[in-house]
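Encoded as structure tokens, the structure appears first; notes follow it.
Values below: all heavy atoms of this structure, side chains included; hydrogens, waters and symmetry mates excluded.
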Amino acid sequence: MRGTQRITRTPGARAHRVLAVLVALLALQLGSLVAPAYACGCGAMIPSKDQRIGVDREESAVRWDGRAETVVMRFNVHGNAEHAAWIMPVPSRAGVTLGDPGLFDALDRLAEPEQRDRFHFWPRVGEWPLTRDRGDGAGAPAPGAAPGVGVVGRERLGPFDVARLTATDPGALGDWLRANGFELPERLTGALQPYVDRKWEYVAVRLAPQEKGAVLHGELTPLRITFASPELVYPMRLSRLASTRQTLGLYVLAEHRMEPRSPIGGDRPEVTFAGRIERPEGAVAALAGDRPVRLTVLEQEFPHPERIDDDHHLRTVADTPYRRVEYTDRLLTVAGGIPVWLLTVGGGVLLAVVAALLAVRAGRRRAGTPSGSDAGVRSSA
């Protein structure tokens, strides 16, 4: 008869297993943080073979005057890449310059929500007497070229070594990338094919910090790309290569309010601001000119990027203004801060007390007044 062997694990062995699992999870998480960023909004960013780069946030402002389109893009990146290639498909020959870092802050100020107060009667958590004790006396927390590649130019623009080129097929673009230390991912080659079929060109920019040995990290200087276009188009097809949820934030400056013709595989685009800017100033005027212009701010979520099936083609819609409203909830007070609920409740309690006193007093009076028969007896006596 075969005996049963019992395996006993010591506490030390269990601890080693837990530690091994934690290390594996940490390595997996770190690997996801520096995954190659093939897709980033309207372009693709490619690091060299042994380096990684990820795009945390991307903002884009588009100016279209009916003939030419200008796209200003700002990236916030992480990873260990000392340089990267950024590729953007365009419908015609493009020029690249540096953008104004203050542009997006200026646009945010123009489109900021309207602030309104909203009052409530009863106290909420954080307001007396429902203030939570945090133990510290505080209240609630405050709310480079190859055959088939045309090199337009190469120069140093601020912190970037910018190579501007055009290519009419992904193979030629791949040759240029390899000559400059980059590899064109196979998935990206296929994603570029629709642009080849439509005879679009590419703009490739080599990003590299000025400091030797420095990595591309944090908020990069904006890039400004200008090209002729008879329609307002925002290239989005490359974003289908992304493996995580994508968010599009787009500022559109044009003669009229502009909105996408379709969701192109994402959630319905949301307009967060639409209005007329009477006197553009500063960075906004440098992009749109000093004449009145319409600003439309769009936000869109792509929970499943692989469903993106086209670029955004924007169309003119009715110039209906729109501005979001943000409410600040406040307790309804009077007379320098006295809560109305306290006055109401206090007044009700006071009235109840007065009514009770009056009732008691009336009862005592009735108890002290003799009845009619008793009064007659005393009188006859």
### Message
For the backbone of Arg323 and the side chain of Glu114, can you confirm whether one donor and one acceptor N or O come within less than 3.5 Å of each other?
### Response
no
### Message
Quick test of your reading: applying salt bridge (charged side-chain N to carboxylate O under 4.0 Å, His left out), list the pairs with at least one residue in residues 246-260, sequence neighbours left out, ordered by first then second residue.
### Response
Arg257-Glu259
### Query
Taking the side chain as C-beta and beyond, is there a heavy-atom pair between Arg224 and Thr70 under 4.5 Å?
yes
### Summary
Heavy atoms of Ile264 and Phe302 approach each other most closely as CG1-CE2, 4.0 Å
#### Entry: Check ion pair Arg279-Asp290 (N to O, under 4.0 angstrom)
no
### Query
Mind checking what makes side-chain contact (heavy atoms from CB on, under 4.5 Å) contact with Pro113, not counting sequence neighbours?
Gln115, Arg324, Glu326
### Task
Determine yes or no for a side-chain-to-main-chain donor-acceptor pair under 3.5 angstrom, with Ser92 supplying the side chain and Ala228 the backbone.
yes
### Message
Side chains of Leu192 and Tyr202, heavy atoms from C-beta outward: is any pair under 4.5 Å?
### Response
yes
### Task
Go through Asp311 and Arg198 one step at a time and tell me if the salt bridge (Lys or Arg N to Asp or Glu O under 4.0 Å) criterion holds.
CA-CA 12 Å; Asp311 300 317; Arg198 291 152 61 186; 3.3 Å; yes
#### Entry: Non-hydrogen atoms of Pro260 and Pro269 that approach each other most closely
CG-CG, 3.9 Å
### Query
With no hydrogens and no angle check, is any side-chain donor or acceptor of Glu231 less than 3.5 Å from a backbone partner on His313?
no
#### Entry: Any side-chain heavy-atom pair of Leu98 and Leu223 under 4.5 Å
yes
#### Entry: Taking every non-hydrogen atom, the tightest pair across Pro235 and Trp200
CG-CZ3, 4.1 Å
### Task
For Asp108, check side-chain hydrogen bond (donor to acceptor under 3.5 Å, both in side chains) against everything at least two apart and list the hits.
Tyr251
### Ile308 side chain near Leu238 side chain, heavy-atom distance below 4.5 Å
no
### Task
For the residue pair Thr316 and Met258, establish whether any side-chain heavy-atom pair is separated by less than 4.5 Å.
yes
### Query
Can you find a pair of side-chain heavy atoms, one from Val71 and one from Met88, that are under 4.5 Å apart?
yes
### Min side-chain heavy-atom separation Leu103-Arg74 under 4.5 Å
no
### Query
Going by heavy atoms in the side chains, are Thr272 and Leu298 under 4.5 Å from each other?
no
### Query
If you draw a 6.0 Å radius around CD in Glu306, do more than 12 non-hydrogen atoms from other residues or ligands fall strictly inside?
yes
### Query
Looking at Asp309, Asp310, Leu248, Leu250, which one forms a side chain to side chain contact (heavy atoms under 4.5 Å, CB included) with Met236?
Leu248
### Message
Salt bridge or not between Arg276 and Glu278? Use side-chain N to carboxylate O under 4.0 Å.
### Response
yes
